[in-house]
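Have a look at the structure below, then the notes.
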Amino acid sequence: MDTIAVADTVRLNAVRKVYGEGANSVTALDGVTLTFERGSFTAVMGPSGSGKSTFLHCAAGLDRPTSGTVLLDGEDLSGYDETTLTKMRRERIGFIFQSFNLLPALTVLQNITLPLKLAGRRPNRARVTEVIQRVGLGERTGHRPAELSGGQQQRVAIARALVTGPAVVFADEPTGALDTRTAREVLRLMQESVQSLGQTIVMVTHDPVAASYADRVVFLADGRFVGDIYHPTAEVVAERMTHLGAWADEQPAAGGRQMRTSTGGTY
Ligand SMILES: Nc1ncnc2c1ncn2[C@@H]1O[C@H](COP(=O)(O)OP(=O)(O)OP(=O)(O)O)[C@@H](O)[C@H]1O
């Protein structure tokens, strides 16, 4: 393994994904080559239909590319059978979703430690406590998700994603269901887990403000990688998205475009 492969947690090489066959086929990813460095926070953006979800599914081993390879810590996932892929996802990858995806019957603590149980690992009490403290849920471990605010539920999901010490966390619109202030807190928490734990995070988002919390924003258009921005600001990201035609079908807001959030606010 060379030094570049060691520094890269996730690497996609010429990944193509074609859905369907013949005249009805859709090329969702058209030769995407990208690397995500260890300990980096990357946002993935692009217009609707540009291939973001497909990218996430292929990069996380939830779906297989039609051609090309995905490497996690230098290991090629394409050779893995389904059982090995499932095991690899449980042990090496964390997920954070817009809709939190917590199990309602389980307590906060049970939700957070579930990935360890599924992986057949005995929870390391110190690690679990540290993660719970880090996300600020020390007082809530016995509560059920329905007894928590949206922001608290997403904190549980972040703790659940971090508890296994995964190589990478994939987040899909993690602030899409949160109000502006809560979204900011969740993004800061993700940022902090990159800075202090050296966690690698890849986040798909439509929101330039959310993307501005990342170290780097990667842009997709028509299934291709079309550029990236390091140390992004929301304004620069929004401008790039406008150039990509991301909002061409929407009515322009009076007085010009504002930085969008899921709630229409700014942050
Ligand atoms: N299961 C599928 N079968 C057929 N076509 C699909 C399938 N999933 C996605 N596509 C197509 O692949 C292309 C990329 O879709 P994808 O969902 O990855 O884009 P996206 O950037 O995530 O879009 P959005 O921002 O609207 O969620 C689109 O043209 C879409 O219609």
Side-chain angles (χ1 to χ4, degrees), residues 10-34 36 41-70 77-78 82 85 89 93-101 154 157 168-178 183 187 190 201-214 216-229 232 234 237-252 257-264:
V10 181
R11 177 189 284 250
L12 280 75
N13 283 321
V15 169
R16 269 173 64 79
K17 179 70 184 178
V18 181
Y19 292 109
E21 284 176 13
N24 293 325
S25 67
V26 176
T27 304
L29 290 180
D30 195 6
V32 171
T33 296
L34 275 172
F36 300 91
F41 184 6
T42 310
V44 178
M45 297 194 81
S48 182
S50 58
K52 301 181 295 296
S53 300
T54 306
F55 153 80
L56 196 77
H57 288 140
C58 289
L62 290 162
D63 203 353
R64 290 178 190 276
T66 307
S67 63
T69 53
V70 176
L77 305 188
S78 51
E82 285 307 319
L85 262 187
R89 281 198 306 268
I93 298 182
F95 291 95
I96 305 170
F97 303 95
Q98 177 172 343
S99 53
F100 320 136
N101 287 17
Q154 196 59 305
V168 57
V169 170
F170 288 103
D172 194 0
E173 295 281 2
T175 55
L178 302 177
L187 288 160
M190 291 169 67
I201 300 184
V202 180
M203 168 180 74
V204 165
T205 181
H206 285 96
D207 180 354
V209 181
S212 73
Y213 283 74
R216 174 192 181 206
V217 183
V218 161
F219 295 91
L220 298 179
D222 296 326
R224 294 196 176 92
F225 166 62
V226 291
D228 54 4
I229 296 174
V237 171
E239 197 180 303
R240 183 73 69 93
M241 287 290 281
T242 304
H243 279 294
L244 292 174
W247 295 306
D249 299 336
E250 292 179 20
Q251 294 292 322
R257 169 168 286 289
Q258 294 287 310
M259 295 302 97
R260 299 183 332 156
T261 69
S262 56
T263 52

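Read the numbers this way: they start at 1 and go in the same order the structure lists the ligands and their atoms.
- With Lys17 contributing its side chain and His57 its backbone, the two residues share no donor-acceptor pair below 3.5 Å.
- The contact shell of ligand 1, taken as protein residues with any non-hydrogen atom closer than 4.0 angstrom, comprises Tyr19, Val26, Ala28, Pro47, Ser48, Gly49, Ser50, Gly51, Lys52, Ser53, Thr54, His206.
- Classification of Arg64 and Glu82 as a salt-bridged pair holds, one side-chain N sitting under 4.0 Å from a carboxylate O.
- Geometric assessment of Arg240 against the ring of Phe219 yields a positive cation-pi assignment under the 6.0 Å and 45° thresholds.
- Annotation: side chain to side chain contact (heavy atoms under 4.5 Å, CB included) contacts of Arg16 (sequence neighbours excluded): Val18, Thr27, Asp30, Ser67.
- Residue Ser212 comes nearest to Ala234 through the heavy atom pair CB-N, 3.6 Å, listed as atom of the first residue, atom of the second, then distance.
- Remark: side-chain polar atoms of Thr33 are paired, donor with acceptor, to backbone N or O of Ala14 under 3.5 angstrom.
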